[in-house]
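Everything quoted here is computed from the prediction, not taken from an experiment. First the proteins, then the strands, lettered A, B, ... as listed; each starts at 1.
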Amino acid sequence: DAGVIQSPRHEVTEMGQEVTLRCKPISGHNSLFWYRQTMMRGLELLIYFNNNVPIDDSGMPEDRFSAKMPNASFSTLKIQPSEPRDSAVYFCASSPPAGGPETQYFGPGTRLLVL
Amino acid sequence: AQKVTQAQTEISVVEKEDVTLDCVYETRDTTYYLFWYKQPPSGELVFLIRRNSFDEQNEISGRYSWNFQKSTSSFNFTITASQVVDSAVYFCALTPSSNDYKLSFGAGTTVTVRA
């Protein structure tokens, strides 16, 4: 079975450019999460979708970040304009429907470098 | 608020030695879930185990074992007879039942197994 798929795996861009990260969750999973991992702050939850609806975006750093989930099999995280401090590994995770907390399965991550 | 503390930043062992990773957590919830994830050098986050707070049975899976002690708020992880392939960063995480999508991660422990 395919796991969570993220693209691109690596992205190098210049400050000020728009960056779009993509995620395909595991089929049948109805919750999707975007995380950011940095040395300074560790793993942070940016946004959580349930049934394609954003439930909690309190972790989104600022207005330059936006996330969408147009359907159950696709989500994007966009940074516009990008800044060097956005350099990090961005993970997408998904979890199946359940009555309580379920295990989140992570994608391979997108390593973003903003010059 | 939840907090997960992994006091050991790095552990280095020689192959075949046992290694124990400490995890201490804080939460006000009476029901919560604990997780361990592995992040090998390739960067992906691999789910290892999930435990419910009402189930204090220890668990063994191959060379991995977990010791959950509610009285000391600890969920320690032992790798027996370590192998070079065990070299990775290991993260302990917690999610409370009251806010069951909010995974709080520890800072991670880097395990290096030398041949």
Side-chain angles (χ1 to χ4, degrees), chain A residues 1-11 23 25-26 29-51 53-59 88-113, chain B residues 1-10 21 23-25 27 29-55 59 61 66 68 75 88-110:
Chain A
D1 287 342
V4 176
I5 298 171
Q6 290 187 248
S7 64
R9 294 293 308 275
H10 302 273
E11 177 82 28
C23 175
I26 294 171
H29 286 194
N30 70 334
S31 293
L32 185 139
F33 310 81
W34 282 100
Y35 288 85
R36 179 172 66 176
Q37 185 180 31
T38 61
M39 289 294 292
M40 291 295 294
R41 301 173 67 92
L43 274 155
E44 305 173 277
L45 177 66
L46 299 178
I47 188 168
Y48 157 54
F49 291 88
N50 185 259
N51 292 323
V53 176
I55 303 299
D56 184 352
D57 64 356
S58 59
V89 181
Y90 291 82
F91 287 100
C92 177
S94 70
S95 65
E102 267 299 335
T103 300
Q104 296 179 25
Y105 294 91
F106 285 75
T110 295
R111 194 172 294 273
L112 173 66
L113 177 61
Chain B
Q2 287 68 235
K3 185 178 178 182
V4 177
T5 302
Q6 295 179 254
Q8 304 149 307
T9 307
E10 294 183 29
L21 311 181
C23 173
V24 175
Y25 60 90
T27 180
D29 282 58
T30 54
T31 304
Y32 47 89
Y33 300 80
L34 295 161
F35 302 81
W36 276 95
Y37 284 86
K38 173 182 179 180
Q39 188 174 36
S42 51
E44 74 273 24
L45 273 162
V46 178
F47 164 72
L48 295 178
I49 190 171
R50 159 195 155 130
R51 299 297 289 181
N52 304 330
S53 56
F54 45 85
D55 180 2
E59 184 157 339
S61 176
W66 290 270
F68 177 29
F75 185 42
V89 183
Y90 291 86
F91 293 93
C92 181
L94 174 148
T95 187
S97 61
S98 62
N99 209 357
D100 59 16
Y101 59 88
K102 285 271 193 181
L103 261 180
S104 295
F105 284 90
T109 298
T110 300

Quick check: are there more than 12 heavy atoms from other residues, nucleotides or ligands sitting under 6.0 Å from CZ of B/Arg51?
yes

Would you name the heavy atoms of A/Tyr35 and B/Tyr101 that are closest together and state the gap between them?
OH-O, 4.3 Å

Measure the spacing between [atom1] of [X] and [atom2] of [Y] and express it to the nearest 0.5 Å.
X: A/Phe91; Y: B/Gln39; atom1: CZ; atom2: CD; answer: 4.5 Å
X: A/Thr103; Y: B/Tyr37; atom1: OG1; atom2: OH; answer: 5.5 Å
X: B/Phe91; Y: A/Gln37; atom1: CZ; atom2: CD; answer: 4.5 Å

Taking only residues two or more places apart in sequence, or in another chain, which ones meet B/Tyr25 in a side-chain hydrogen bond (donor to acceptor under 3.5 Å, both in side chains)?
B/Tyr32

Would you check if B/Leu45 and A/Leu43 make a side-chain contact, meaning some heavy-atom pair closer than 4.5 Å?
yes

Taking side chain as C-beta onward, heavy atoms only, is A/Gln104 less than 4.5 Å from B/Thr95?
no

Highest number of heavy-atom pairs under 4.5 Å with chain B: which of A/Ser31, A/Gly42, A/Pro108?
A/Pro108

Who are the salt bridge (charged side-chain N to carboxylate O under 4.0 Å, His left out) partners of A/Glu44, not counting sequence neighbours?
A/Arg36, A/Arg41

One option among B/Gly43, B/Gly106, B/Ser42 has the most heavy-atom pairs under 4.5 Å with chain A, and it is B/Gly43

